[in-house]
A.B. asks: 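Take a look at this one; I'll ask things after.
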Amino acid sequence: MFILITLPFYGILIWSYFYPEESFLWGKRWMYSEEPEPSEDAIIFIKIKSIIGIILVTFILIIGGFNIFN
């Protein structure tokens, strides 16, 4: 059950890593009258956050798996 809950998080983090420009505006597009362009620093920051999130979710899954089987 826990794996099914974390799969959407993985999907969002992977999507955010490969398409940082679209994920930058996800849920905030209505705030702008025209399409803003994120800077290179913002894109790098989004990619770093995505990688850290993937690593954290993986560790949580591993620790949860060990707790279930012990």
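These numbers were taken from a predicted model, which means no experiment stands behind them.
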A.B. asks: If you count heavy atoms of other groups shown closer than 6.0 angstrom to CH2 of Trp26, is the number above 12?
C.D. replies: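 No, not enclosed.
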
A.B. asks: Can Trp15 be reached from Val57 by stepping across I, L, V, M, F, W or Y side chains whose heavy atoms are under 4.5 Å apart?
C.D. replies: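 In one cluster with Val57: Trp15, yes.
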
A.B. asks: Is it true that a side-chain atom of Ser23 and a backbone atom of Pro20 form a donor plus acceptor pair closer than 3.5 Å?
C.D. replies: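 Indeed, once roles are kept as given, a pair shorter than 3.5 Å links the two residues.
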
A.B. asks: Looking at Tyr10, I want to see if its OH is surrounded by more than 12 non-hydrogen atoms of other residues, nucleotides or ligands under 6.0 Å.
C.D. replies: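 Buried by this count: over 12 neighbours within 6.0 Å.
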
A.B. asks: Are Tyr17 and Ile52 co-members of a hydrophobic cluster defined by side-chain heavy atoms under 4.5 Å apart?
C.D. replies: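 No, because Ile52 and Tyr17 fall into different hydrophobic clusters, even though each may have its own neighbours under 4.5 Å.
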
A.B. asks: State the NZ-CZ distance between Lys47 and Phe18, to the nearest 0.5 angstrom.
C.D. replies: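 It is 8.5 Å, given to the nearest 0.5 Å.
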
A.B. asks: If hydrophobic clusters are built by linking Ile, Leu, Val, Met, Phe, Trp and Tyr wherever their side-chain heavy atoms come under 4.5 Å apart, do Ile63 and Ile5 end up in the same one?
C.D. replies: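 Different clusters: Ile63 never reaches Ile5 through Ile, Leu, Val, Met, Phe, Trp or Tyr contacts under 4.5 Å.
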
A.B. asks: For the CG atom of Leu61 and the OG1 atom of Thr6, what is their distance to the nearest 0.5 Å?
C.D. replies: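 It is 4.0 Å, given to the nearest 0.5 Å.
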
A.B. asks: Which pair of heavy atoms, one from Ile54 and one from Ile14, lies closest together, and at what distance?
C.D. replies: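 Scanning both residues, the minimum pair turns out to be CD1-CG1, 4.0 Å.
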
A.B. asks: Which pair of non-hydrogen atoms, one from Ser16 and one from Ile46, has the smallest distance, and what is that distance?
C.D. replies: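 Scanning both residues completely, I find the closest heavy atoms to be OG-CG2, 3.4 Å.
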
A.B. asks: Side-chain heavy atoms under 4.5 angstrom apart, residues restricted to Ile, Leu, Val, Met, Phe, Trp, Tyr: same cluster for Ile60 and Ile12?
C.D. replies: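 Yes; Ile12 is reachable from Ile60 via cluster members.
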
A.B. asks: What distance do Ile43 atom CD1 and Glu37 atom CD have between them, rounded to the nearest 0.5 Å?
C.D. replies: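 Spacing of CD1 (Ile43) from CD (Glu37) equals 7.5 Å.
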
A.B. asks: Please answer whether the main-chain N or O of Ala42 pairs with a side-chain N or O of Ser39 as donor and acceptor at a distance below 3.5 Å.
C.D. replies: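 Looks like yes, one N/O pair under 3.5 Å.
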
